Engineer: 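Take a look at the following structure, please.
The first residue of the sequence shown is numbered 1, and numbering continues consecutively from there. Counting starts at 1 for both ligands and their atoms, in listed order. These numbers come from a predicted model, not from an experiment.
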Amino acid sequence: MNTPIYDRVALIGLGLIASSMGHAMKAAGLARHIAGHAKTEATRAAALEVGFCDSMHATAAGAAAEADLVVLCVPVGAMGEIAAAIGPVLAAGATVTDVGSVKRAVIATVAPHVPTGVHFVPGHPLAGTEHSGPRSGFATLFRNRWCILTPPAGTDRTAVARLRALWAAMGSNVEEMDAEHHDLVLAVTSHTPHLIAYTMVGVADDLERVTDSEVIKFSAAGFRDFTRIAASDPTMWRDVFLSNRDATLEILGRFTEELFALQRAIRMGDGPLLHAYFTRTRAIRRGIIEAGQDTSAPDFGRVKAGT
Ligand code: NAP
């Protein structure tokens, strides 16, 4: 067991990320007390039953009062309203952080509500699954995954170091970057790929010449992975695209240009172009495996459901 890093951590929003943080903090003894709040009574009751919170609160302010760390774990579109609700009760010297997948928009809506003397250190764990809710979390979700912190210039370094220590103790590799750069990096590595997966699954659903049962029966790894990604939480992803609009549109523009180039190569029978393109992309995949971000196993090393 570690010495607790925080006395009282408030988790606002009790879904996949919050429940995983709760389990990870409990497993390693990183917080003396974990207070929780979610919008609905059903989620609050489920979280209490699962057992990753020590106290449950009907309001966000009730959970955040007296906390030395408040973690906003709600969809990006709800961050501003939560910040407005907790701002008046935040204790001097406390840290507010969030786990939102977009950083510039979260900083714009949350920062104005954080009072002087309270530290705001925005964050984003690059870890997740397609599942959501208080029963979906697990203590090892963040292990060997990156957590990006985007503290604005002038943020108290002691507060940043303490939050870095928490993420490291939950198993993450922590890196700091500028919020704008974060949003561009994530538009390339996560947001646009999700949009493509949503689109491809939508196309398969629309294709009347291929029956639903054929899509399911013959879904090889590529399409199967698309369906897994496209099963991600609709509210979360709606908010991601609406709040990371500029970076996503920039990458999507580049994507459609490349797609048209490949479409033309297929139409023209330009084998060398296709071969050279796929050789380049194969090298990127090798780089990801070498960096330890995935495995070369045919099923990507994923544990089968139920095991
Ligand atoms: P989730 O499982 O869908 O849970 C969201 C939680 O937020 C629920 O407990 C929900 O409560 C609560 N909530 C929503 N609006 C609220 C409000 N106005 N007041 C209080 N609680 C509210 O979500 P998640 O996957 O953990 O995602 C949470 C955040 O983490 C998002 O910002 C997302 O961008 C980010 N993130 C997600 C992933 C991922 O892969 N899932 C990865 C990294 C970061 P009710 O159930 O009561 O409605």
Engineer: As a quick check of understanding, evaluate side-chain contact (heavy atoms from CB on, under 4.5 Å) for V70 and Y6, giving each step before the final call.
Structural biologist: CA-CA 10 Å; V70 180; Y6 292 97; over 6 Å; no
Engineer: With no hydrogens and no angle check, is any side-chain donor or acceptor of R44 less than 3.5 Å from a backbone partner on A38?
Structural biologist: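 Yes, the answer is positive, given that a donor and an acceptor are paired below the 3.5 Å cut-off.
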Engineer: How far is atom 33 (C) of ligand 1 from its nearest protein heavy atom, and which residue and atom name does that atom have?
Structural biologist: S101 OG, 3.5 Å
Engineer: Any idea which protein heavy atom is nearest atom 12 (C) of ligand 1, and the distance to it?
Structural biologist: G13 CA, 3.7 Å
Engineer: Relative to the ring of H194, is the ring of W237 parallel (under 30°), tilted (30 to 60°) or perpendicular (over 60°)?
Structural biologist: parallel
Engineer: Tell me: protein heavy atom nearest atom 3 (O) of ligand 1, and distance?
Structural biologist: S132 CB, 3.6 Å
Engineer: Which bit of S136 gets closer than 4.0 Å to ligand 1, counting heavy atoms only: side chain, backbone, both or neither?
Structural biologist: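 The answer is neither; S136 stays 4.0 Å or more away.
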Engineer: Looking at ligand 1, does A127 have a heavy atom less than 4.0 Å from it?
Structural biologist: yes
Engineer: Which atoms of ligand 1 have any heavy atom of H124 under 4.0 Å away?
Structural biologist: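 Every atom of ligand 1 under 4.0 Å from some heavy atom of H124: 43 (C), 44 (C).
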Engineer: In ligand 1, which numbered atoms sit nearer than 4.0 Å to a non-hydrogen atom of P125?
Structural biologist: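 Numbered from 1, ligand 1 contributes 43 (C).
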Engineer: Which atoms of ligand 1 sit under 4.0 Å from any heavy atom of T129?
Structural biologist: 40 (O)
Engineer: What do we get for C73 next to ligand 1 when only non-hydrogen atoms under 4.0 Å count, side chain, backbone, both or neither?
Structural biologist: backbone
Engineer: Please state whether T235 comes within less than 4.0 angstrom of ligand 1, counting heavy atoms only.
Structural biologist: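 Contact absent.
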Engineer: Please collect all side-chain hydrogen bond (donor to acceptor under 3.5 Å, both in side chains) contacts where either partner lies in residues 179-190, sequence neighbours excluded, each pair once.
Structural biologist: H124-H182
Engineer: For the 3.5 Å polar cut-off, considering only N or O atoms, please tell me whether M79 and ligand 1 meet it.
Structural biologist: no
Engineer: Where does K39 meet ligand 1, judged by heavy-atom distances below 4.0 Å: at the side chain, the backbone, both, or neither?
Structural biologist: both
Engineer: State if H37 counts as touching ligand 1 under the rule of any non-hydrogen atom under 4.0 Å.
Structural biologist: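 Yes; H37 lies near enough to ligand 1 that a heavy-atom distance drops under 4.0 Å.
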Engineer: Less than 4.0 Å between a side-chain N and a carboxylate O, is that true for D54 and R32?
Structural biologist: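 No, R32 and D54 are not salt-bridged.
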Engineer: Evaluate L14 for polar contact with ligand 1, using N/O atom pairs at a separation under 3.5 Å.
Structural biologist: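 Yes - when backbone and side-chain N and O of L14 are compared with those of ligand 1, one distance drops under 3.5 Å.
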Engineer: Taking both backbone and side-chain atoms of G128, is any N or O found less than 3.5 Å from an N or O belonging to ligand 1?
Structural biologist: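 The answer is no, given that G128 and ligand 1 share no N or O pair closer than 3.5 Å.
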Engineer: Are the side chain of T43 and the backbone of K39 linked by a donor-acceptor contact shorter than 3.5 Å?
Structural biologist: no
Engineer: Checking contacts here: is it the side chain or the backbone of L16 that comes within 4.0 Å of ligand 1, counting heavy atoms only? Could be both or neither.
Structural biologist: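 Within the 4.0 Å criterion, L16 contacts ligand 1 through backbone and side-chain atoms alike.
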Engineer: Nearest non-hydrogen atom to atom 19 (N) of ligand 1 belongs to which of L186, I82, V76, D233?
Structural biologist: I82
Engineer: Taking the side chain from S19 and the backbone from R135, do they hold a donor-acceptor pair closer than 3.5 Å?
Structural biologist: no
Engineer: Of the side chain and backbone of V102, name the one, both, or neither that has a heavy atom under 4.0 Å from an atom of ligand 1.
Structural biologist: neither
Engineer: Considering both backbone and side-chain atoms of G100, is one of its nitrogen or oxygen atoms within less than 3.5 Å of a nitrogen or oxygen in ligand 1?
Structural biologist: no
Engineer: For the pair E130 and R224, find out whether any cationic side-chain nitrogen is under 4.0 Å from an anionic carboxylate oxygen.
Structural biologist: no
Engineer: Under 4.0 Å from a heavy atom of E81: which atoms of ligand 1 are those, numbered in the order shown and with their elements?
Structural biologist: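 Here the atoms of ligand 1 in question are 18 (N).
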Engineer: Heavy-atom contacts under 4.0 Å between R44 and ligand 1: side chain, backbone, both, or neither?
Structural biologist: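 Neither part.
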